[in-house]
Amino acid sequence: MAQSVLEAIGLQMEYVHPRTGRSVVAIDKLDMVVDPQQFVTIVGPSGCGKSTFLKIANGLLTPTEGQITIYGEDVSRAPRNRGAVFQDASLLPWFTVIHNAAYGLQCQGVSKEEAMERALPVLEMVGLKGFEDVYPHELSGGMQQRVNVARALAVDPEILLMDEPFAALDAQTRELMQRELLEIWGQSNKTVLFVTHQIDEAVYLSDRVLVMSARPGRLIADITVDIPRPRDLRVKRDPRFVELVGQVWDLLHSPDESLVDRERHNDND
Amino acid sequence: MDTDARRGSIAADAAILAPAPEDLAVFDAAVQTRADGPLWRRLYDDPRFLLSLTVIGFFVLWEVASQQGWVRDLFFSRPSEIVLAGIREVQKANFWTDVRISLTEFVFGFSLAILIGIPVGLMLGWFRRLGYFWDPWLRFMYATPRITYIPLLVIWFGLGISSKVALVFAGPFFTIVIGTLEGVRTVPPKYLDVARAFGANNRQLFRTILLPNTLPFILAAMRLAVGLGIVAIVLGEMYASQDGLGHMLANAANNLQSDRVLFAVLIFTMMGVGLSKIVRIIEDRVAEWKPQMES
């Protein structure tokens, strides 16, 4: 097996709840490996620490213990080899679409003109040719998220880190975007780490689904999705797909993970 | 990869998501029918026509009321008298000296307020502790009616131009500092995350996130500050000056020349309107990226 792209080793994240003053464990001793060109999804209930995990991977938070590395380099000083795709409305409203797509490159020190030139084919790849000079607010939510993906792809990263990028879209647009993301992924040969709370989205997109428990966030399962690619949206009616979704659903809703228990657990610590 | 199918799906997506052209056409349609209607109908619907009607009507009524003796000339003057007073005024060398002095005071005071206010606001907004440290003082000074500084400023700077420059500075300064500071503090953390995730350094953070987010706040503050600056000139010159348009105003009032008073009022009004308009034009240009309000 080739060298893994992303590794999390003994990752621990604790913080003090601002109101109650109690210490909260967001992520508990998490180990994870993502191999090259894999599409890996972390799925878990809201508040399970999956977004916190991505924030650490993006170098926006420092873990209490442990670390995340990309090709062996600690993420806190390696912005060049990752591309971040954020939730809705993360485009800079004062820049045009092409400038937004070029923004990641620009942050890495590429001149504005050259960055825009390099971002142009990527914008074309996500289907936004002809929209270069409009402002984000003039685009629909789905198109904005395409720009978001283009911005991350333009820096030509080793790994795409996607934080619930389709969560704010309506159901139909979300499915369209899922299918197109798979097509783009197929073209670009990138490794993807995708975070979502939607089980069917996770199973549809991924090679591996990592299931995270509610707080404190731990990995409770690593499920390989053996549905052949390319995957059409009709896959979602396939018995194997339904079975896998059911398996993940059961894991997230097992008795000891029930909401009541979780609350009690939080109150006790 | 089947690019044609992909294009097709994108076109379909765009068709679903783009605003329907019919929605946008409603407003245009209203304009269309107006352009086709009879002249009275078009004028009746034209906001510019209605505006001119009230303005012209007001002045005609004023003139007539004054000539007929319905209102006292001494208190209200009349438009024709004000125009004549204006014509007499602009022929005096004194008047132009007054204009020059007032403008100089404004330009110096206002420029200083911008040049010092913006960096101070940026710093207080960005370095939170520094901001909290100075906040109470800023609010205190902002809340104080600036006019009350006049006696102190005269003691410090005398009756010459510098006391008025200081007074003009004091009005806009706090407004601009507070506007800038609010702009920096309201930068959505999400945008900062984006910049940091892509490895932006502090200079890039400032240029690509902080400044574009804050600029509209700065300009809105400047638009408010223009009025404060003009008030400062008027009051400063009325109470503590031997020249300037405010002094001319006070002088005319002391001599019960209501036509000259109103001419000075007119000049100050035009100054305010003109300067606000300039800032508004800059604002519109800077805020090109913002969603435009219809109609």
Spacing of [X] atom [atom1] and [Y] atom [atom2] [to the nearest 0.5 Å]:
X	Y	atom1	atom2	value
A:Q87	B:K190	CD	NZ	6.5 Å
B:K290	A:W94	NZ	CH2	9.5 Å
B:I209	A:Y103	CD1	OH	3.5 Å
B:R207	A:Q106	CZ	CD	6.5 Å
A:H99	B:T208	NE2	OG1	7.5 Å
B:D193	A:L54	CG	CG	11.5 Å

Step through the shown structure and confirm whether more than 12 heavy atoms of other residues, nucleotides or ligands are within 6.0 Å of [atom1] on [X].
X	atom1	result
A:K55	NZ	no
A:E14	CD	yes
B:F108	CZ	no
A:Y71	OH	yes

Show your reasoning for whether side-chain hydrogen bond (donor to acceptor under 3.5 Å, both in side chains) applies to B:Y191 and A:S90.
-> CA-CA 6 Å; B:Y191 298 155; A:S90 78; over 6 Å; no
Does the side chain of B:W289 come within less than 4.5 Å of A:H137's, by heavy atoms?
->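 Side chain of A:H137 against side chain of B:W289, heavy atoms only: no contact under 4.5 Å found.
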Return the option, out of B:G199, B:A197, B:P188, with the maximum number of heavy-atom pairs under 4.5 Å with chain A.
-> B:A197
Under a 4.5 Å heavy-atom cut-off, does chain A meet the side chain of B:L205, its backbone, both or neither?
->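 The answer is neither part of B:L205.
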Matching residue for B:F198 among A:V155, A:N58, A:L105 - test: side-chain contact (heavy atoms from CB on, under 4.5 Å) |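 In the set A:V155, A:N58, A:L105, the residue that makes a side-chain contact (heavy atoms from CB on, under 4.5 Å) with B:F198 is A:V155.
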Correct closest heavy-atom pair for A:C107 and B:A195 would be SG-O, 4.1 Å
Side chain, backbone, both or neither of A:L91 within contact of chain B (heavy atoms, under 4.5 Å) = backbone
